Every structure is written in C-alpha cells, then in structure tokens.
Amino acid sequence: IKFTSGSNSVEFPAVGFRNSASSTLGNAGETGRYWSSVVYDSGSAYYLYFSSSNLSVYGGNYKTFGLSVRCVR
C-alpha cells in the first residue's frame, strides 16, 4: 500500500506476519501488519493492518506477534 501527500510518499509492502505459535510466516503477499510506536497496554500495541479490501488501525495486538516495523519521519 502506498500513501502520498503532495510530493511525499511512503510504501508498506504486504509482508504478512510471524505466527508466534508456529514461527511460520502468514499471509505474505496478501496483508500487511506494521507496529505503531504507541502502546495500547502493558502487553500490546497499536498496529496498521491492510489487505486488498481493508485499511485499519487496531489496538491490542500482543507484542509476541512478529509484525513488521517501518521507520517513517
């Protein structure tokens, strides 16, 4: 997914996530899940989720899930 504002843009590839139970990669090429720097509670944080039909920010995903990180300034 690509976000553009004026001449600035940032792209987030659909990298999927690491399943903490099996340590396998899930949904690669289909969805993207990226951590936010904002804490939801002591064991979880907010994250960006997208697929071909959805773009949302959720809170409460446990930090044990291997979501991607993208530095944006």
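What you are looking at is a predicted structure, and each value in this text was computed from that prediction instead of being measured.
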* Asked: Are any of the side-chain heavy atoms of Y49 and V57 separated by less than 4.5 Å?
  -> no
* Working to the nearest 0.5 Å, report the span between OG of S23 and CZ of R18. => 5.0 Å
* L25: side-chain contact (heavy atoms from CB on, under 4.5 Å) partners, not counting sequence neighbours -> A28
Mind listing the side-chain donor-acceptor pairs of residues 1-12 below 3.5 Å, one per line with the distance, residues two or more places apart or on another chain?
none

* With sequence neighbours left out, what residues match Y40 under ring pair (Phe, Tyr, Trp, His ring centres under 6.0 Å)? -> Y46
* Asked: Distance-only, no hydrogens or angles: does the Y34 side chain make a donor-acceptor pair with backbone N or O of P13 under 3.5 Å?
  -> yes
* With sequence neighbours excluded, residues passing side-chain hydrogen bond (donor to acceptor under 3.5 Å, both in side chains) with S44 -> D41
* **side-chain contact (heavy atoms from CB on, under 4.5 Å) involving S56 - partner list, sequence neighbours excluded** => N54, Y58
* Asked: Is there a side-chain contact between R33 and V15 (heavy atoms, below 4.5 Å)?
  -> no
* To do: Only counting residues at least two apart or in another chain, list the ones meeting side-chain contact (heavy atoms from CB on, under 4.5 Å) with S22.
  => N19, T24
